Each structure stands twice: as C-alpha cells, then as structure tokens.
Amino acid sequence: MLDPKYVREHETEVRKALADCHSKVDLSLYLDLERRRRDLMMSVDKRKARLNQASEEMARMKKEGKDITPYQAKLKELSDEIKQMDGEIAAVEKDFREIELQVCNIPHSSVPVGGEEANQEVRKVGEPAKFSFKPKSHDELGVALGILDFEKAAKISGARFFTLSGLGAKLERALANFMLDLHAPKGYKEMVVPHLVNYQSMEMSGQFPKFIEQAFAVEKDNFYLIPTAEVSLANLHRGETFAAGSLPRKYAAFTPCYRREAGSYGKDTKGLIRLHQFNKVELFQFVEPDKSMEALEQLTADAEEILKKLGLPYRVVVLATADKSFASIKTYDLEVWLPSQNQYREISSCSNCGDFQARRGAIKVKKEGGAKPELVHTLNGSGLAVGRTWLAILENYQQADGTVAIPEVLQPYLGGLKTLTPGAA
RNA sequence: GGAGAGAUGGCAGAGUGGUCGAAUGCGUCUGACUCGAAAUCAGAUUUACGGGCAACCGUAACGGGGGUUCGAAUCCCUCUCUCUCCGCCA
C-alpha cells in the first residue's frame with residue numbers, strides 16, 4: 001500500500017511505476033475516490049463540530065434545569081444528516097480501499113524496466129560441474145535411491161505432493177538444521193510460527209486480495225495456509241512501534257509452504273520443483289527506513305552463503321519491474337544450477353518491501369529526539385527453499401554409478417554419511 | 001464443547017448516559033534546586049485523518065463491527081481475544 005498523499009503529489013511517478021509493473025490499476029479512479037473521500041470528510045466534519053457544540057450546550061441547559069425537548073428535534077435532523085453522510089463516506093472508502101490494495105509497490109530506480117525478459121544477471125558463483133555421463137534428474141535419482149516417492153503421495157493426497165523416506169527425509173531435516181544454524185549467529189532469531197493464519201495477516205503481507213486464488217483456505221474456520229513463513233513473520237509486530245535504536249530485528253523460521261499453484265497446470269509437473277507443499281527456511285527483517293537497501297544486499301548475501309557452503313553453482317538475478325513481487329521495491333532471485341535441466345532455477349527470492357507492508361500493518365519505529373515515529377521497512381528472503389536445495393544436491397553431486405556424494409558441511413548432520421547409495425536408506 | 005468473568009493511554013488502574021481524550025499512581029522527558037546525583041518541586045508526555053506557510057484549528061479513536069440516543073468509554077446486539085472452573089486431548 002502506498003501513502004495516498006504521496007500518490008496525490010507524485011501522480012506522474014506513480015503512473016510510470018504502475019506501467020512499469022504492468023499494472024492495470026486505474027489511477028484516475030484512485031485519485032478521484034481519494035478526492036471524494038476528502039471532500040465528504042471536510043463537510044461532515046463541519047457538521048459534527050456543530051453537533052458537538054450543540055450537545056455541550058444541551059448538557060449545560062439540562063444542568064440548569066431548562067427544557068431541552070424543543071431542541072432535540074432540530075438536532076435529530078442534523079444527526080441523521082451526519083449518519084447519512086457517514087454512510088456515503090464508508091461506501092467511498094470501501095471502493096477506495098479496494099483499489100488501493102491493488103496498487104503495487106514502486107520499484108527502486110536501480111531495477112531494470114520490463115517483464116521477465118528484462119531480468120538481469122548480477123553475478124555468477126561457482127562453475128557447473130562437467131559430467132562424463134548424462135546427468136539424471138533428481139526425481140529419477142531419488143526414486144532409484146528409494147528415498148523419494150510420488151506415487152504414495154498421490155495416493156495420500158493427489159498430484160504435486162511427495163514423500164521422502166529414510167535418508168531422504170533425514171537429508172531434508174539436515175538441510176533445515178544446517179541453514180538455521182548458519183543464520184543464527186548473524187542475528188536471525190529462530191521462530192516457530194502459525195501455519196494457519198487469518199485474512200488480515202495475508203492482507204498485511206501483500207498476498208491478499210490480489211493472490212487469494214493462490215492460497216489454500218480452511219473455509220470452515222476462516223484460516224488460510226501460509227504460502228510462505230513471510231506471512232507469519234511479517235505479522236509478528238503488526239500494530240507495534242519499535243523503540244528508538246531497537247532495529248534491525250531479524251527472524252528465521254523453518255515451515256512448510258502451501259500453494260495452490262492455480263494456473264500452473266502442465267508446468268514443472270515432474271519432480272520436486274513445483275508442489276502444493278514444500279519446506280522452506282525463511283528470513284525476515286524489520287529495519288530502519290533508510291537502511292533497507294543495504295539490508296537487502298546483506299540478506300541476499302546471507303542466503304547465498306548457504307549455496308556457497310554447499311558448493312552449489314548459482315547466479316544472482318535482479319528481477320525486472322514487472323517480474324518482481326507485488327509488495328517489493330527490489331527483488332534478487334538466487335538461481336541454482338540444475339544439470340538435468342541444463343539451466344539455473346530459482347531457489348531463493350530476496351525482497352525489500354520498503355514501507356509497503358509496514359503501512360498495511362502499522363509497524364513503526366520511534367526516532368531519536370522525539371520526532372514522529374516512522375514506518376519501518378521490511379525485507380524477506382528464502383534462506384533457502386529446502387526442497388529445491390535437496391534436489392539441487394542430488395543433481396549436482398550425482399556420480400556415474402547413481403550414488404550421490406554428501407557435501408562435506410552436511411556430513412556432520414547425517415552422522416558422518418558421505419554417500420547416498422541405493423538400498424542404504 | 002459447557003458455565004462464568006473480563007478487555008480503558010508506555011504500564012498499573014478509576015470512570016457506568018452529558019464540558020471524558022479520559023482521574024490517580026508509576027514510567028519517560030524538560031526545567032528548578034545541587035559541584036554532580038538522589039530526593040523534592042513545577043511543567044510536559046497518544047495516534048490517525050483533514051484544513052493551514054505556520055502558530056494552530058476540526059474530526060475520529062476506551063478490543064473489532066453494528067445499534068439505541070440530541071449526546072455513548074458508560075446502555076443493547078454481535079464477533080475476536082484473555083482469564084477461571086468443568087469436559088476432552090498430543
């Protein structure tokens with residue numbers, strides 16, 4: 001959500017931003033509703049002031065024992081008029097809010113303009129391994145090793161689910177522990193958070209109303225399943241004002257993520273790439289408003305470190321204006337190399353949301369010297385998507401005989417295990 | 001799931017239809033006293049929106065929403081949350 005006053009005063013800039021994000025929002029309607037709301041408020045406020053004055057007068061008269069009945073009818077008229085106008089304001093406000101919630105965040109000036117094709121590679125780290133044989137896909141490897149099963153999951157739930165067993169399950173847990181252990185010393189407080197959240201939490205973090213079709217809903221109880229722990233972490237401090245000097249606040253949470261993947265029929269149907277449920281370690285930061293751009297670089301580096309330590313080749317891409325997420329002003333995607341696909345695939349997305357979420361959630365920070373509290377800036381990033389890390393390890397560390405080497409840093413988490421071999425699970 | 005109690009400013013806690021945005025205490029900030037500090041005294045101390053260059057003015061907010069009334073923190077309805085007791089349960 002943007003500051004309506006800012007939008008009003010920077011119409012040209014906002015129009016360009018909307019165009020750059022390929023947004024279909026009607027800004028003229030936005031401005032018109034905002035104007036009407038203000039006009040109505042001004043005239044109703046005047047009437048309310050009059051009514052308040054009259055009410056005080058009535059109180060005084062009653063105290064003096066005077067008869068107030070003759071005035072009541074007249075004030076009833078004014079009161080009814082106010083009620084009617086309040087109704088009009090509520091209607092305009094509802095319309096305004098509806099459109100306001102559809103306005104995307106304004107991209108940072110350093111973000112390339114355009115759609116997916118305009119995304120820019122920022123850096124490439126590590127060299128994709130050369131295989132003397134044709135590298136297999138992770139699902140082929142996993143199924144052959146006996147640690148990954150889609151058929152069982154299909155029986156239990158349906159398409160786009162998976163089960164891991166034995167060392168496959170243990171590898172998943174090892175990865176999560178490895179990631180959390182690496183983030184903790186950098187100030188990320190580990191959290192366990194709700195996976196079922198209310199509408200307001202989804203709205204605050206920017207998922208709703210725009211992406212409501214992408215969320216699983218528990219309609220009977222008015223809950224939504226989190227598509228990412230970002231939702232829960234972002235809402236941790238909703239409605240709060242941080243004390244001066246108490247930022248940044250950093251959090252990490254390991255949770256499943258639930259996504260309907262509506263509209264992605266036929267895409268990535270094989271393997272672990274696109275599922276209704278997957279595990280992720282999420283990083284989240286609340287920072288001072290002037291610190292968020294540098295925080296984004298640091299957050300991205302924190303996520304990258306996992307890939308570096310695991311020895312997985314990857315590249316960093318800055319997402320173009322129309323490809324970045326709705327709430328973000330700048331997003332870096334981390335893409336890991338997948339030998340079987342001969343391409344880089346997203347494994348993390350790190351975003352600076354500026355004050356967009358903070359405005360929806362009224363999250364502020366007090367300033368030194370008694371100045372007015374300001375909205376904080378929020379950042380989120382995957383550090384990392386555990387399922388995709390799991391599959392990246394299988395693919396990148398596979399050997400000619402179908403076994404998979406375990407990266408050295410993970411071995412302590414797997415009881416010293418060095419290789420995944422068929423039957424061992 | 002059943003029965004009951006409650007939700008007020010940073011915190012504690014009064015207020016049960018009329019100058020209540022809200023007593024009082026604590027906390028915090030400023031000033032006085034002091035070499036300095038403590039203690040004491042004096043004052044200040046919510047937020048949002050709108051108008052104004054500004055000083056400032058107006059409106060709204062006592063868990064959320066709705067209602068009664070000329071007027072609601074106060075009465076009514078409803079939802080959420082918290083607490084106590086009972087039941088159930090990892």
Side-chain angles (χ1 to χ4, degrees), chain A residues 1-9 30-101 192-204 208 218-224 232 235-247 249 289 355-376:
Chain A
M1 209 156 67
L2 304 178
D3 178 6
K5 203 186 284 177
Y6 184 90
V7 176
R8 194 199 310 158
E9 287 163 3
Y30 175 104
L31 292 165
D32 181 49
L33 287 168
E34 203 271 337
R35 176 81 238 171
R36 275 169 59 199
R37 182 182 64 156
R38 254 180 320 135
D39 288 346
L40 278 165
M41 271 171 66
M42 273 189 264
S43 56
V44 81
D45 279 1
K46 275 185 206 142
R47 285 170 177 75
K48 282 182 180 173
R50 234 166 54 213
L51 184 69
N52 287 345
Q53 255 179 344
S55 284
E56 275 178 35
E57 187 67 26
M58 301 273 278
R60 205 173 304 135
M61 286 171 70
K62 205 172 168 194
K63 219 176 219 170
E64 292 165 4
K66 291 184 185 157
D67 179 24
I68 57 172
T69 40
Y71 300 95
Q72 282 180 350
K74 187 130 186 129
L75 286 180
K76 170 85 176 143
E77 238 172 78
L78 181 60
S79 175
D80 285 346
E81 195 184 355
I82 287 169
K83 244 169 234 166
Q84 197 213 319
M85 290 176 83
D86 272 341
E88 280 173 50
I89 290 176
V92 170
E93 240 161 19
K94 186 170 169 283
D95 291 347
F96 177 66
R97 173 114 181 129
E98 196 176 304
I99 191 166
E100 187 183 27
L101 286 169
V192 172
V193 293
H195 303 173
L196 295 171
V197 300
N198 56 32
Y199 186 97
Q200 206 187 345
S201 292
M202 291 290 272
E203 184 179 271
M204 179 273 171
F208 286 1
V218 183
E219 283 172 4
K220 193 175 176 191
D221 296 290
N222 282 114
F223 287 130
Y224 298 89
S232 299
N235 280 277
L236 229 36
H237 295 290
R238 191 169 73 207
E240 294 180 19
T241 301
F242 290 103
S246 66
L247 295 180
R249 287 283 264 275
D355 63 12
F356 192 86
Q357 293 178 324
R359 180 168 293 106
R360 288 189 177 194
I363 308 168
K364 299 181 182 184
V365 59
K366 284 212 171 82
K367 306 307 283 182
E368 300 287 355
K372 263 181 72 149
E374 282 179 41
L375 292 169
V376 303

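Proteins get letters first, then strands, A, B, ... in listed order; numbering begins at 1 in each. Note that the coordinates shown come from a computational prediction; the quantities given were computed from them, not determined experimentally.
- Rounded to an integer number of Å, the gap from CD of Q200(A) to C1' of C81(B) is 13 Å.
- Contact annotation: T241(A) side-chain N/O to G10(B) OP1/OP2 distance is not under 4.0 Å.
- For the pair R238(A) CZ and G63(B) C1', the interatomic distance rounds to 13 Å; values are reported in whole Å.
- Distances shown here put every side-chain N or O of R38(A) at or beyond 4.0 Å from the OP1 or OP2 atom of U59(B).
- In this structure, R359(A) reaches neither bases nor backbone, as no heavy-atom distance under 4.0 Å exists between it and the strands shown.
- Residue-level contact check: K62(A) touches the bases, meaning some heavy atom is under 4.0 Å from a base atom.
- Remark: U19(B) base-pairs with no nucleotide in the shown strands. Criterion, Watson-Crick or G-U wobble with two distances under 3.5 Å.
- Comparing C11(B) with G4(B), their P atoms are spaced 30 Å from each other, to the whole Å.
- D3(A) places a side-chain N or O within 3.5 Å of a backbone atom of K5(A) that can act as its donor or acceptor partner.
- Side chain of S232(A) to backbone of P194(A): a donor-acceptor contact under 3.5 angstrom is found.
- Under the Watson-Crick or G-U wobble criterion, with both distances below 3.5 Å, A90(B) is left unpaired in every strand shown.
- Distance check on atom C1': G17(B) versus U28(B) gives 35 Å, rounded to whole Å.
- Per the geometry, CZ belonging to R97(A) stands 13 Å off P belonging to G65(B), to the nearest Å.
- Atoms CG (D45(A)) and P (G58(B)) sit 11 Å apart, rounded to a whole Å.
- Nearest heavy atom pair, residue M1(A) against residue R359(A), reads O-NH1, 2.9 Å.
- Across all strands, M58(A) comes closer than 4.0 Å to base atoms (heavy-atom distances).
- Pairing for U40(B) goes to A32(B), judged as Watson-Crick or G-U wobble with the two contacts each under 3.5 Å.
- For the pair V365(A) and A243(A), the tightest heavy-atom approach, listed with the atom from each and the gap, is CG2-O, 4.0 Å.
- The interatomic distance linking K372(A) (NZ) with U45(B) (P) rounds to 16 Å, in whole Å.
- Between the P atoms of A61(B) and C41(B), the separation comes to 37 Å (whole Å).
- Base pairing of U45(B) is made with G27(B), judged by Watson-Crick or G-U wobble geometry with both donor-acceptor distances under 3.5 Å.
- Nearest-nucleotide positions on RNA chain B place R37(A) closer to the 5' end than the other of L75(A) and R37(A).
- For K76(A) and C70(B), the shortest distance from a side-chain N or O to OP1 or OP2 is below 4.0 Å.
- Under the Watson-Crick and G-U wobble criteria, each requiring two contacts below 3.5 Å, nucleotide G9(B) is left unpaired.
- The nearest whole Å value for the distance from the CZ atom in R50(A) to the P atom in A60(B) is 14 Å.
- Of all nucleotides listed (G50(B), A60(B), U69(B)), U69(B) comes nearest to the side chain of K83(A).
- Counted by atom type alone, Q53(A) and E57(A) present zero donor-acceptor pairs between their side chains at under 3.5 Å.
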| field | Criterion side-chain hydrogen bond (donor to acceptor under 3.5 Å, both in side chains) on S201(A) and N198(A), from CA distance to verdict | value | CA-CA 6 Å; S201(A) 292; N198(A) 56 32; 3.1 Å; yes

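- If you check U59(B), U47(B), U19(B) against the side chain of R60(A), the one that comes closest is U19(B).
- Look at the P atom in both U16(B) and A7(B): the space between them is 13 Å, to the nearest Å.
- Close to U59(B), at under 4.0 Å from its OP1 or OP2, lies a side-chain N or O of N52(A).
- Annotation: C76(B) and U68(B) have their C1' atoms spaced 7 Å apart (nearest Å).
- Among pairs with a residue in residues 37-96 of chain A, those fulfilling ring pair (Phe, Tyr, Trp, His ring centres under 6.0 Å) read Y30(A)-F96(A), at least two apart in sequence or across chains.
- Across all strands shown, G50(B) forms a Watson-Crick or G-U wobble pair, both distances under 3.5 Å, with C57(B).
- Partner assigned to U68(B) is none, using Watson-Crick or G-U wobble distances below 3.5 angstrom.
- Residue contacts shown for K364(A) are limited to sugar-phosphate atoms, with no base heavy atom under 4.0 Å away.
- The separation between M42(A) atom CE and C57(B) atom C1' is 14 Å, rounded to whole Å.
- As a whole-Å value, the separation of E56(A) CD from G21(B) C1' is 13 Å.
- The residue L51(A) sits close only to the backbone: its heavy atoms come under 4.0 Å of sugar-phosphate atoms, none of a base.
- Under the Watson-Crick or G-U wobble criterion, with both distances below 3.5 Å, C85(B) is paired with G2(B).
- The residue A49(A) sits close only to the backbone: its heavy atoms come under 4.0 Å of sugar-phosphate atoms, none of a base.
- On the C1' atoms, U19(B) is 12 Å away from G71(B), given to the nearest whole Å.
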| field | Steps toward salt bridge (Lys or Arg N to Asp or Glu O under 4.0 Å) verdict (R50(A), E81(A)) | value | CA-CA 12 Å; R50(A) 234 166 54 213; E81(A) 195 184 355; 5.1 Å; no

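- A distance of about 25 Å separates the P atoms of A3(B) and A90(B), rounded to the whole Å.
- Comparing the same atom, P, in A73(B) and in A60(B) gives a spacing of 10 Å after rounding to whole Å.
- Nearest nucleotide to the side chain of K48(A), out of A60(B), C70(B), G50(B): A60(B).
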